[in-house]
Amino acid sequence: MSVEHVQARTGGYADSVMLMAVSARAQAVDGVQAALVAMATQLNLELLDGLGLAAPAGAGEHDLLIAIKAADGEALSVALAIVDEALMTRPGGSSDRSEKGQPPRTTASAAAANGPGIALVSVPGQHAFVEALDALNSGCDVMIFSDNVPVEQEVKLKEIAAERDLLVMGPDCGTAIVGGVGLGFANSVRRGPIGVVAASGTGAQQLMCLLELAGAGVSAVLGVGGRDLSATVGGRSARAALVALDADPATELIVLLSKPPAAEVADKLRDFAAGLTTQVQFALIGPGQPDLTETAENVLRAIGVRDWPQWSSHPPVTPGRTGVLRGLFAGGTLCYEAMVIAAERLGPIYSNVPLDPVWRVDPRIPAASNTQAGRHVMIDFGEDELTAGRPHPMIDQRLRLDRLAAEAADPDTAVIMLDVVLGYGAHPDPAAELAPAIAAAKAERELEVVVSLIGTETDPQGLALQAAQLAKAGARVFASNAEAARFACDLIASGREGS
């Protein structure tokens, strides 16, 4: 019979990135059946019901919720010890307070004490507007990691920022590098002449990692949020970021990166960029546009680099596998890029983020179990519908590992494609979990697994070490997501199979 612990700790706020990592560590303990460490918002309290746990009486959204269900008391104790240790040693935790006193309680008080800088907002989406506005009123630029922020609030914040010559990065900005410091999910890359304005987190990570592998570096990476180039938002933060990088003497070339924007917004940004002193290259991922690897190579040529490493050591293949392609992605832009490439080669690609609305599929059901059986499918596991109440798949791989096993068991599946994103904030050793799962899948039957590995050698996980573990398990490993997608398509026997 299982044992459980459910607690609401008053005044125990911690940011969502840190809590996602703590939840994943607790869940990884042998014998732990479910773990949720999060702020006690209404959504998270409702998630307890799905875990078979009762919400603690009187819990409010400013309380820290700790809920663990385990097979026995020993597993529960180990998991709780992991949670307590992580919460005690975090910046601003009690171990810091004993030496430094009570930290600032508001953004305004922090700015007053230390001067304005960049405020990173990572709170439930419904509260992000107030915190971001407080930061802007204090003279701070703002990075909003939070998602589920209404678009009207995004527009208002960016209008206020423009009036005050400030920058709002986000909402849903997962990656940035400012002053050589990575914010959110970021890779370890050298300083260099290339500035990046990105309406895409994992897209920016792919670009900066390819540049790093070629010996080039970035001056800054300014995320603007995935909606910034939409017709509603109108590229407000993209313009501000372009101006900031144009004024930076360390930036010699700027790349503006996004999934397909509103056409009129893209046209206005091109006109705007033409008036800047610094050259701007546009990388608008989509049909008929350069992929991220082509963009990286174009940038390298523009700054005078003529030789860069091969993005893969795999030779070309002769198509010979009858079956379909299944993609399981943690990065939304990487999934989108792979779908664009695969759709040109294989026909319709069904997804929860489809290129065509008629290709939509329920991501919670394995392809073999739904109406898309026998067709090519790619799933973005970082979408809100799959991350509500659980860590992002770059942190917690359990959902993808389960789906990997299910897709591998489907006799229609010929090739499985995965992305693995390294860097600060990501899983500390993703290959340690993925490699055994890949080996097990390939041991069951003839199956190819293709991995795009996004990272650098100086990332905490170590690019070469991760690549070696995945290759030893039988995966084909690429530094380029686009080349991985093409290779995966090459493995399929018939280009229009399953369409």
Side-chain angles (χ1 to χ4, degrees), residues 172 174-175 185 187 196-211 213 221 223-227 229 255-261 266 281-300 311-312 314 325-356 359-361 363 376-383 393-394 400 415-423 449-455 476-492:
D172 199 17
T175 301
F185 296 112
N187 298 93
V196 181
V197 178
S200 160
T202 53
Q205 289 183 268
Q206 167 74 115
L207 178 61
M208 72 174 84
C209 289
L210 291 176
L211 296 174
L213 292 174
V221 177
V224 294
R227 297 184 303 206
L229 274 65
V255 180
L256 176 57
L257 188 158
S258 174
K259 286 187 285 189
Q281 289 197 10
F282 282 73
L284 308 179
I285 306 164
Q289 298 294 321
D291 58 52
L292 291 170
T293 302
E294 292 176 89
T295 295
E297 293 171 348
N298 290 337
V299 168
L300 291 168
W311 310 124
S312 166
H314 299 291
L325 172 62
R326 301 281 159 75
L328 311 177
F329 286 85
T333 299
L334 301 176
C335 181
Y336 188 89
E337 179 184 55
M339 288 194 298
V340 169
I341 292 169
E344 292 175 352
R345 302 277 296 277
L346 304 177
I349 307 297
Y350 291 81
S351 177
N352 59 328
V353 288
L355 302 177
D356 186 319
W359 300 345
R360 180 169 296 279
V361 64
H376 308 295
V377 177
M378 292 188 177
I379 301 298
D380 174 12
F381 283 85
E383 272 291 284
M394 285 166 57
R400 280 210 303 170
V415 180
I416 295 176
M417 184 177 173
L418 303 160
D419 62 342
V420 179
V421 184
L422 309 180
V449 178
V450 180
V451 174
S452 59
L453 180 60
I454 314 302
R476 311 286 193 109
V477 183
F478 292 76
S480 159
N481 185 66
E483 289 206 2
R486 292 190 181 93
F487 188 88
C489 292
D490 287 344
L491 291 168
I492 301 296

Task: Asn352 backbone acceptor or donor facing Asp380 side chain under 3.5 Å - done: no
Task: Backbone of Ala330 reached by a side-chain donor or acceptor of Asp419 within 3.5 Å - done: yes
Open item on the list: Tell me whether His376 contacts the main-chain N or O of Leu325 through its side chain, where contact means a donor paired with an acceptor under 3.5 Å.
Closed with: yes
- [ ] Working to the nearest 0.5 Å, report the span between CG of Leu355 and OH of Tyr350.
- [x] 12.0 Å
- [ ] Report yes if some heavy atom in the side chain of Leu284 is under 4.5 Å from a heavy atom in the side chain of Pro261; otherwise report no.
- [x] yes
- [ ] Specify the closest pair of heavy atoms between Val221 and Ala204, including all atoms of both residues, with the distance to one decimal.
- [x] CG1-CB, 4.0 Å
- [ ] Please lay out, stage by stage, how Thr202 and Phe185 fare under the test side-chain contact (heavy atoms from CB on, under 4.5 Å).
- [x] CA-CA 9 Å; Thr202 53; Phe185 296 112; over 6 Å; no
Task: CG-CG distance between Leu453 and Leu422, expressed to the nearest 0.5 angstrom - done: 5.0 Å
- [ ] Check whether any side-chain heavy atom of Met208 sits under 4.5 Å from a side-chain heavy atom of Val196, and report yes or no.
- [x] no
- [ ] Report yes or no: does Gln206 contribute a side-chain atom to a donor-acceptor pair with the main-chain N or O of Ala479 at less than 3.5 Å?
- [x] yes
- [ ] Specify the closest pair of heavy atoms between Ala484 and Ser452, including all atoms of both residues, with the distance to one decimal.
- [x] CB-CB, 4.0 Å
Open item on the list: As an exercise, state the distance from CD1 of Ile416 to CE of Met378, rounded to the nearest 0.5 Å.
Closed with: 11.5 Å
Task: Least distance between heavy atoms, Ala296 atom then Leu211 atom - done: O-CD2, 4.0 Å
Task: Between CG on residue Leu256 and CZ on residue Phe282, distance to nearest 0.5 Å - done: 5.0 Å
Task: Verdict with supporting geometry, Met417 and Phe329, side-chain contact (heavy atoms from CB on, under 4.5 Å) - done: CA-CA 8 Å; Met417 184 177 173; Phe329 286 85; 3.8 Å; yes
Task: Shortest non-hydrogen contact from Leu257 toward Leu207 - done: CD1-CD2, 3.9 Å
- [ ] Look up atom CG in Leu213 and atom OG in Ser480, then write down how far apart they are to the nearest 0.5 Å.
- [x] 10.5 Å
- [ ] Would you please test Arg486 and Phe478 for side-chain contact (heavy atoms from CB on, under 4.5 Å) and show each step?
- [x] CA-CA 11 Å; Arg486 292 190 181 93; Phe478 292 76; over 6 Å; no
Task: Charged N-O contact under 4.0 Å between Asp490 and Arg476 - done: no
Open item on the list: For the CG atom of Asp291 and the CD atom of Glu483, what is their distance to the nearest 0.5 Å?
Closed with: 8.5 Å
With a 3.5 Å cut-off and sequence neighbours excluded, list the donor-acceptor pairs that the side chains of residues 331-341 form with protein atoms.
from   : atom 1 : to     : atom 2 : distance (Å)
Thr333 : OG1    : Ser200 : OG     : 2.5
Glu337 : OE1    : Asn481 : ND2    : 2.8
Glu337 : OE2    : Leu292 : N      : 2.8

TODO: Over all heavy atoms of both residues, which pair between Ile454 and Cys209 is shortest? Give the atoms and the distance, please.
DONE: CG2-SG, 4.0 Å
- [ ] Please lay out, stage by stage, how Val421 and Gln205 fare under the test side-chain contact (heavy atoms from CB on, under 4.5 Å).
- [x] CA-CA 8 Å; Val421 184; Gln205 289 183 268; 3.6 Å; yes
